[in-house]
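Notes to accompany the following structure.
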Protein chains: 2
Amino acid sequence: MSSKKPTIKDVARLAGVSFKTVSRVVNNEAWVSDDIKTRVQAVIAQLNYQPNRTARLMRTAPFSLAFVYDNPNSHYVIEMQNGILSQCRQKGFELVIHPTDSHSGQVLHELTTIIGSNQVGGVILTPPLSENRELVQQLLAQQAKVVRIVSGSAPPDDLCPTIYVDDEQAGFSITRHLLKLGHRRIAFLGYHKDHQSSLGRYRGYCAALHEAGLTVSEQLVIAGDFTFDSGVAMTEQLLQQADKPTALFGCNDEIAAGALFTARMHQLAVPQDLSIVGFENSPFSRQTWPRLTTVHQPNAEIAAKAAALLISLMLENETQTEHCGFELQLVLRDSVSTL
Amino acid sequence: MSSKKPTIKDVARLAGVSFKTVSRVVNNEAWVSDDIKTRVQAVIAQLNYQPNRTARLMRTAPFSLAFVYDNPNSHYVIEMQNGILSQCRQKGFELVIHPTDSHSGQVLHELTTIIGSNQVGGVILTPPLSENRELVQQLLAQQAKVVRIVSGSAPPDDLCPTIYVDDEQAGFSITRHLLKLGHRRIAFLGYHKDHQSSLGRYRGYCAALHEAGLTVSEQLVIAGDFTFDSGVAMTEQLLQQADKPTALFGCNDEIAAGALFTARMHQLAVPQDLSIVGFENSPFSRQTWPRLTTVHQPNAEIAAKAAALLISLMLENETQTEHCGFELQLVLRDSVSTL
DNA sequence: GAAAAACGTGACAACGTTGACATAAATTTT
DNA sequence: AAAATTTATGTCAACGTTGTCACGTTTTTC
């Protein structure tokens, strides 16, 4: 049975009204008499009628947004995705996942396709794509709504609503925390010149050292990316040096986990012989031994806020660009000791 | 400029042909002369025309599939998602993410909505939803294509194409591995009566013990779920007992990580004082100290296969149900020693 | 108590595509 | 060289909605 999905016209026929009236009932429009309304609703329930989203979309703006990200394996992505999804569910929006390679040069083309084909009406951009001013402008030029998540203590411009996360301030706090405990030789792991979060955290690190009257030692700033393996490699490099640090600031928890691992390999006790801090408060930062002191980054909240802004932008079609900043809090755990 | 997105008719006008001809060019249909083809293509490029996916969808079956899962925070989800996404990209399909709570009783209703509204044409089901025979049948009754991923050494039935993963066999191998190294008191952490993967691994565990002439001790089989915290709690419980085990079989890596953590709390050296194995080979299983011996579960591959089956089902509209089984391999690392 | 406003309903044209069919031109077959 | 076939293009009706407008029927207003 049920060879075909019922349409609005099937409902109309059975309810003995015009299909436009059914449309009114479905969309909760005014000026439908109560008895017809209930009659139509009964038929809808009886047939288990679902409005065809595709057909509806032909007449309305898209109810979908895209989440665009670059590093598909980070835990950060799934947290963000969950945050976005929670908002989408609430507002009846659909989420299109769009992992991409920001180095491929294909991003603009890919996004143009999904926007141009009317598949999505808006886009949430994460770093490093969100830092690409030109990309944002080109998406905007295609009538797409854009919300971006960036690192910074203020929105870089008013191009579009922006969620900014104050990495510098957090980098400052956590470095100062180490300084307060007496550490003087603090290494910075995961410096990356193209990565705004890394740079922000680095600036905070420098600022805290300066405040304490210390200078930044080039030897202690190690470049690398935000992975466990890179953390291992950077720590190895560091431990080969003559002037060993007493504390390590990993630019994210994965780097810190790599450092932890490497310390164990070198029979260094953490935190007694070496203090290590991470950044992000990812789930596994409290599952390592010792549990990592880190900075809490509320990814789900951040992304949910981005989604909420984007959705209201798509619904209300406002031009006013609202921004939102997030401050990050220290999470003190067991991977740090006084010197 | 560019106030409106160009349509097929805009292209047609500019190219001086009928819009149907443009449609032919876009869809690569036969019987279009080469010069018109190139002329149209030039205009398409010039206007940066993208066929409107929504309009197209009104005439064709949906090019979207849903990924339905229950446990949004597991790493397993993102790996699967990536696998599915890779297939979708290749075939031009769209992915709709659908996390849900299998206990809410809302699942059928939720899926009915996205299927009924023509949003998706097919669904990939993961445990425990995939084990619900009735759910599968009801989705099938709505003309949806379904592919499910289940635990087992064979597909449970021919309702739909099925990816089955042999947990029992893997549970057997890893338990036998411990037995070979001389372990006799091996605990099983994460028994869960409603969880087929857990039960499969448990059956393998029992089979291996029997093969070695041992009986399963109730004391050593601890019920719990697949989380770090549960792993901690179960290990605590175990370590309070008189007859302590020499090895722990964690039903997944998170449980094993919890066990590792708890062992450390109790000053037990792993693997010298206690051997621990996990299951899944999630990224962090090689980032713990010591690195976990575990079973490799190729989630991305499994999910990619599921997506491939689903997509071919949606495209070719075949009725024949093709299945696919995965065997799991041991990954030997450092968390196990001979007794 | 007539005019105006508020309600309630329906007809019909979009929206941008694809599919069925028609038709004209070019080519092959008889 | 007429008939049949192939090739190349166009016309028009769907698809299932929502928006615009029109048209009755009530209720309110002066």
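Below, read A as the first sequence line, B as the second, and so on, with proteins coming before strands; counting in each chain starts at 1. Keep in mind that the numbers below use all heavy atoms, side chains included, and drop hydrogens, waters and symmetry copies.
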Nearest whole Å is fine: how far is [N] [atom2] from [X] [atom1]?
X	N	atom1	atom2	answer
R53(B)	dC15(D)	CZ	C1'	17 Å
I8(A)	dG19(D)	CD1	C1'	13 Å
D35(A)	dG8(C)	CG	P	10 Å
W31(B)	dT6(D)	CH2	P	9 Å
F19(A)	dA14(D)	CZ	P	14 Å
K20(B)	dT23(C)	NZ	P	17 Å
R39(A)	dG8(C)	CZ	C1'	13 Å
R59(B)	dA13(D)	CZ	C1'	8 Å

Quick one: is [N] close enough that its OP1 or OP2 comes under 4.0 Å of any side-chain N or O from [X]?
X	N	answer
T60(B)	dT18(C)	no
S18(A)	dG10(C)	yes
R56(A)	dT18(D)	yes
S33(A)	dT9(C)	yes
N27(A)	dT18(D)	yes
T21(A)	dT9(C)	no

With a non-hydrogen cut-off below 4.0 angstrom, is L57(B) in contact with a base, only sugar-phosphate, or nothing? nothing

What's V17(A) touching, base or sugar-phosphate or nothing? Going by heavy atoms closer than 4.0 Å. sugar-phosphate

Please work out which of the three classes, parallel, tilted or perpendicular, describes the rings of H195(B) and F226(B), given edges at 30° and 60°. parallel

Point-to-point distance, once rounded to the nearest 0.5 Å, from CG of L108(A) to CG of L139(A): 6.5 Å

From D10(A) atom CG to L47(A) atom CG, the distance as rounded to the nearest 0.5 Å: 7.0 Å

Axial bend angle, the helix from dG1(C)-dC30(D) to dT30(C)-dA1(D): five-pair end segments, nearest 10°: 40°

Taking all non-hydrogen atoms of both residues, which atom of C160(B) and which atom of R148(B) are closest, and how far apart? SG-CD, 3.4 Å

Measure across V150(A) and S130(A) and return the closest heavy-atom pair with its distance rounded to 0.1 Å. CG1-OG, 3.7 Å

Could you give me the CA-CA distance, side-chain angles and deciding distance for Y69(A) and I124(A), then say whether side-chain contact (heavy atoms from CB on, under 4.5 Å) is met? CA-CA 9 Å; Y69(A) 58 86; I124(A) 297 177; over 6 Å; no

Start at the 5' end of DNA chain D and walk down; is the nucleotide closest to A30(B) or to A55(B) reached first? A30(B)

Assess, by modelled atom type and distance only, whether the side chains of R56(A) and N118(B) contain a donor and an acceptor separated by less than 3.5 Å. no

Of the options dT17(C), dT9(C), dC15(D), whose atoms approach the side-chain atoms of I36(A) most closely? dT9(C)

Assign each of R24(B) and Q50(B) to its nearest nucleotide of DNA chain C by heavy atoms, then name whichever residue's nucleotide is nearer the 5' end. Q50(B)

Quick one: does Y49(B)'s side chain get under 4.5 Å of V26(B)'s, heavy atoms only? yes

